[in-house]
Amino acid sequence: MSDSPVIKTMRVVPVAGYDSMLLNIGGAHNCYFTRILVILTDSAGRTGVGESPCHASTLALLARFRPQIEGSELLRQNATIATLFASDARHQQTAHTDNIHIPQMNPEKFYNAAAAIEAALLDLLGQHLNLPVAELLASGKQRDRVPVLGYLFYIADRNLTSMNYQAGHAGGDAWLQLRHEKAMDADGVVRLAEAAADRYGFRDFKLKGGVHHADVEVETVNALLTRFPQARVTVDPNASWSLDEAIYYGKQLAGRIPYLEDPCGAEQGYSGRETLAEFKRATGIPVATNMIANDWRQLQHALQLNAIDIPLADPHFWTMRNAHTVAQLCHEWGLTTGCHSNNHFDVSLAMVAHLGAAAPGDRLTAFDTHWIWQDGQQLTLHAPQIRDGYLELPEGPGLGITLNMARVEAAHELYNSLPDKNRNDALGMQFLIDNWSFDAKRPALLR
Ligand SMILES: O=C([O-])[C@@H](O)[C@@H](O)[C@H](O)[C@@H](O)C(=O)[O-]
Ligand SMILES: [Mg+2]
């Protein structure tokens with residue numbers, strides 16, 4: 001044994017929070033979203049934490065990994081993580097599909113589990129060395145703040161449902177009110193963007209598409225560009241457009257948008273990587289993706305086909321260290337570094353901040369975060385802040401955050417009370433369209 005601190009306990013805490021009725025190709029976000037916290041304590045009396053998307057199979061995997069983590073030496077965390085990667089769990093899980101109903105997103109449960117454990121170990125290691133996690137990733141800390149985008153959604157009318165969607169706070173900050181109200185057209189989305197820009201200073205926006213006919217979504221992008229002529233605006237239809245549609249609408253937007261995200265996907269015997277490569281050649285528009293390059297093998301094929309420019313390597317899909325390696329590869333190979341997100345708490349916000357702070361080079365597109373939809377529900381004492389369009393790196397060693405255990409326990413209670421614990425966006429959608437079901441090739445409202 002070295003004189004390394006030893007991991008004493010690993011606690012896995014599924015937690016829930018509230019969300020708005022946000023639309024996407026998979027349907028409508030539930031009024032609740034769920035996540036998992038992995039909380040480690042070590043023999044030096046420190047606590048480290050990581051966050052991941054929540055799914056029953058991820059919880060099962062974390063339970064399986066616990067004996068390998070407890071008793072391990074903190075300074076040998078590379079070997080500990082390598083043991084997880086060497087286990088058959090990595091391959092068993094890839095055979096399972098998830099409930100998210102967004103095709104090919106591939107948020108593999110093994111990676112989610114490994115990512116949360118790895119983040120908690122890095123948090124502890126940083127505290128042990130008195131260094132921020134950004135300094136522990138191979139490039140070291142490059143910046144103190146990371147550009148993030150205003151992630152905009154069409155919002156359905158929560159009053160049409162019997163679900164427990166929350167109301168906003170009238171009379172205060174416009175964003176905190178509007179994020180709960182119906183916004184189904186360009187005007188509504190522009191009002192959301194104004195409120196988000198006022199509160200967070202965004203200069204980049206991404207519209208979640210795959211909801212209306214492409215004409216409506218392009219009109220919304222145009223309205224955003226008219227209102228914010230200096231802003232970078234894009235749309236992500238989650239591959240619901242055909243290749244022909246993507247080229248048609250891409251040509252309308254070319255020169256005015258910095259990139260398109262997953263404009264099209266697999267069709268007629270051609271893979272998503274092949275259709276995106278054709279899209280790029282036809283329009284010259286850079287392509288970002290979180291759908292077809294989510295592991296090393298997919299990324300290799302995507303790059304060989306020259307299908308993408310911006311792999312949105314989410315640390316929860318890759319682990320923080322692997323996502324950082326993708327950022328290094330982007331830097332060395334002339335690609336652009338970006339980051340995908342799902343609804344999350346502030347532990348994930350800190351993970352994303354450290355990842356972005358350590359990404360080498362200047363070719364960084366504003367990172368995604370859903371945090372603005374959850375702002376106010378923090379589980380830490382001081383959540384990382386978004387100001388002036390940037391996510392600020394928290395101060396202090398490790399991830400720079402401290403859990404607020406009273407809030408964590410309350411979020412855990414909420415999780416325990418939920419009948420549906422896995423993400424299922426079809427539920428809310430049934431209130432809008434009878435018997436609605438997911439179709440990877442059709443925007444959610446076109447039935
Ligand atoms: O939150 C959503 O509805 C998004 O559609 C999310 O699930 C996607 O993973 C995502 O943000 C994306 O960029 O495709
Ligand atoms: Mg996307």
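In listed order, ligands and their atoms are each counted from 1.
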Colleague: At under 4.0 Å between heavy atoms, is it the side chain or the backbone of Met291 that contacts ligand 1, or both, or neither?
Modeller: neither
Colleague: Is the backbone of Leu335 close enough, under 3.5 Å, to the side chain of Arg363 for a donor and an acceptor to pair up by distance?
Modeller: yes
Colleague: Do Arg442 and Ser240 pair up side chain to side chain, a donor and an acceptor below 3.5 Å, judged on atom types alone?
Modeller: no
Colleague: Can you find a side-chain donor-acceptor pair between Thr380 and Asp346 that sits under 3.5 Å?
Modeller: yes
Colleague: Quick one: which of His370, Glu261, His344 has a heavy atom closest to atom 13 (O) of ligand 1?
Modeller: Glu261
Colleague: Is the closest side-chain donor-acceptor distance between His212 and Thr220 under 3.5 Å?
Modeller: no
Colleague: Can you list the atoms of ligand 1 that are under 4.0 Å from a heavy atom of Asp236?
Modeller: 12 (C), 13 (O), 14 (O)
Colleague: Counting backbone and side chain alike, does Asp236 bring an N/O/S atom below 2.8 Å of the Mg ion (ligand 2)?
Modeller: yes
Colleague: Between Asp215 and Tyr249, is there a side-chain donor-acceptor contact under 3.5 Å, judged purely by atom types and distance?
Modeller: yes
Colleague: Will you find, in the side chains of Thr289 and Asp262, an N or O donor that is under 3.5 Å from an N or O acceptor?
Modeller: yes
Colleague: Would you mind listing which atoms of ligand 1 come within a distance below 4.0 Å of any non-hydrogen atom of His29?
Modeller: 1 (O), 2 (C), 3 (O)
Colleague: Report, in ascending order of atom number, the atoms of ligand 1 lying under 4.0 Å from any heavy atom of Ser341.
Modeller: 9 (O), 10 (C), 11 (O)
Colleague: Is there a donor-acceptor pair closer than 3.5 Å between any side-chain N or O of His180 and the backbone N or O of Gln166?
Modeller: yes
Colleague: Can you give the angle Glu261 OE2 - the Mg ion (ligand 2) - Asn290 OD1, rounded to 10°?
Modeller: 100°
Colleague: Below 4.0 angstrom from a heavy atom of Tyr151, which ligand 1 atoms are there? Numbered from 1 as shown, please.
Modeller: 4 (C), 10 (C), 11 (O), 12 (C), 13 (O)
Colleague: Check ligand 1 against Asn24 and write out every atom of the ligand that is under 4.0 Å from a heavy-atom position of the residue.
Modeller: 3 (O), 5 (O)
Colleague: Is the Phe317-Phe110 ring centre distance short of 6.0 angstrom?
Modeller: no
Colleague: Counting each atom of ligand 1 from 1 as listed, which ones have a heavy atom of Arg423 under 4.0 Å away?
Modeller: 1 (O), 2 (C), 3 (O), 7 (O)
Colleague: Does Leu355 reach the side chain of Met351, with side-chain heavy atoms less than 4.5 Å apart?
Modeller: no
Colleague: Using a 4.0 Å heavy-atom threshold (strictly under), name the region of Lys206 that reaches ligand 1: side chain, backbone, both or neither.
Modeller: side chain
Colleague: Could you list the atoms of ligand 1 found under 4.0 angstrom from a heavy atom of Lys208?
Modeller: 4 (C), 5 (O), 10 (C), 12 (C), 13 (O), 14 (O)
Colleague: Need the ligand 1 atom indices (1-based, order shown) with element for anything under 4.0 Å from a heavy-atom of Asn238.
Modeller: 5 (O), 14 (O)
